[in-house]
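Both ligands and their constituent atoms are indexed starting at 1 by order of listing.
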Amino acid sequence: MSLEKIKTLIIGSGPAGYTAAIYASRADLKPVLYTGLEPGGQLTTTTEVDNFPGYPDGIDGPKMMVELQQQAERFGTEVRIGMVTNVELNKNVGGVHMVTVDNNKKIEAETIIISTGATAKYLGLPSEEKLKGGGVSACAVCDGFFYKGQDVAIVGGGDTAAEEATYLSNICSKVTMLVRKDKMRASKAMQHRVNSRDNINVMYHSEIQEVLGDSVLEGVRVFNNQTSKVLDIKVTGLFIAIGHKPNTEIFKGQLDMDDAGYIITEGKTTHTNFPGVFASGDVQDKDYRQAVTAAGTGCMAALDAERYLAGLE
Ligand code: NDP
């Protein structure tokens, strides 16, 4: 196996990774960025991005990611397609971290910026898969606006589902919230907010059996697990809000993480519990999860890496 030495290795190619790359390359850290399996990250699965500052007419998600990549490359970031498959982090200040890419390439990195993101969980139905981008979305804040004045449904009973149902109720005519148990897991305050909206109808004991429609969503077939009754509900938008999974598998046993597997960073910095290893974006943030907040923490990670390296000199 060949061994390469890198000053700053960035893992992940969403808004956090590319923003870290822009800042790191401008600071002459000569970053190498590995894209992972989904170059561009979660934004490549969305259509229009209307809430990123600086785009008054909105921008296509995949296009925005290509432009972020080009911006990072303009300052010298080397973007490589590849998957980091193993890491051996070093606890010593100034120590190098060993990284394996695609199971066959070894890298020694002085600093690592982890921006591997999180993956939205889906129900796993083939009919749901078919209509992703055709009415099925995992982000109400990103896509809710497209369903202005229409009837939509949301699945889940956690804080995300409750928050997104409330958000959607401001935009859409009617929101049907499908909760599989007899109660929500969301905090009492969030539940109260949901229940105070006239246009949110919460259906308990309700599971989606089938997502209806050929190329665009037409409705959902809902199974009541208490009565065994099946009901078709007409909706043009379906939001899946059943949680996210942070992409942190390869760091388990080394980096400090919370119960859900999100990387823990120190205070308001991007420092992890290993010197020279920083985390930015959704991999360390389960609360905000926006492109702009991910980009913000990507910038912070690059600045933290730069300061860390300067401190070693
Ligand atoms: P959670 O894991 O808390 O909730 C997931 C919800 O989805 C649960 O109601 C669960 O049901 C349901 N669910 C899971 N799988 C399925 C399935 N296959 N079919 C139907 N329903 C399913 O995830 P969240 O994203 O809501 O929250 C993650 C974390 O982020 C939490 O700690 C939350 O508190 C936090 N958060 C905080 C916010 C805030 O403070 N403003 C906003 C958003 C999130 P069941 O209960 O039956 O398991």
*Salt bridge flag under 4.0 Å for residues Arg80 and Glu78*: yes
Numbered in order shown, the ligand 1 atoms found under 4.0 Å of a heavy atom of Gly243 are 23 (O), 25 (O)
protein heavy-atom neighbour closest to atom 29 (C) of ligand 1 works out as Lys286 CD, 3.9 Å
Looking only at protein heavy atoms, what sits closest to atom 11 (O) of ligand 1 is Arg180 NE, 3.3 Å
Heavy-atom protein contact below 4.0 Å for atom 13 (N) of ligand 1 | yes
One thing to verify: whether Asp28 and Lys7 come together as a salt bridge, which I'm taking to mean a side-chain N less than 4.0 angstrom from a carboxylate O. no
If we number the atoms of ligand 1 from 1 as shown, the ones under 4.0 Å from a heavy atom of Gly157 are 6 (C), 7 (O), 8 (C), 9 (O)
*Are side-chain N/O atoms of Thr160 and Arg289 paired as donor and acceptor at under 3.5 Å?*
yes
The answer for which part of Leu123 has a heavy atom under 4.0 Å from ligand 1 is side chain
Can you check whether His244 has an N/O within less than 3.5 Å of an N/O in ligand 1?
no
the protein heavy atom lying closest to atom 22 (C) of ligand 1 turns out to be Ile242 CG2, 3.4 Å
If you scan protein heavy atoms around atom 33 (C) of ligand 1, the nearest is Asp159 OD2, 3.5 Å
| query | Taking atom types as modelled and ignoring hydrogens, do the side chains of Thr265 and Thr270 form a donor-acceptor contact shorter than 3.5 angstrom? | reply | no
Atoms of ligand 1 under 4.0 Å from any heavy atom of Lys181, numbered from 1 in the order shown, are 45 (P), 46 (O), 47 (O), 48 (O)
the protein heavy atom lying closest to atom 44 (C) of ligand 1 turns out to be Thr160 OG1, 3.4 Å
_For a quick check under 3.5 Å, do Tyr18 and Gln71 share a side-chain donor-acceptor pair by atom type?_
no
Given the options Thr227, Asn225, Asn224, His205 meets side chain to side chain donor-acceptor pair (under 3.5 Å) only with Asn225
Among non-hydrogen protein atoms, atom 41 (N) of ligand 1 lies closest to Glu163 OE2, 3.1 Å
Of all heavy-atom pairs linking Glu110 and Tyr308, the shortest is O-CE2, 4.1 Å
Task: Phe239-Tyr147 aromatic ring centre distance below 6.0 Å - done: yes
Practice problem: Ignoring hydrogens, tell whether any protein atom lies closer than 4.0 Å to atom 31 (C) of ligand 1; use the non-hydrogen atoms only. | Solution: no
Logged contact type for Asp287 with ligand 1, heavy-atom cut-off 4.0 Å, is side chain
Ligand 1 atoms nearer than 4.0 angstrom to some heavy atom of Gly158 are 4 (O), 6 (C), 8 (C), 9 (O), 26 (O)
The protein heavy atom nearest to atom 2 (O) of ligand 1 is Arg185 NH1, 3.4 Å
- Query: Any side-chain donor paired with an acceptor under 3.5 Å for Glu266 and Asn273?
  - Reply: no
Note: Lys174-Asp151 ion pair, threshold 4.0 Å (strictly below)
no
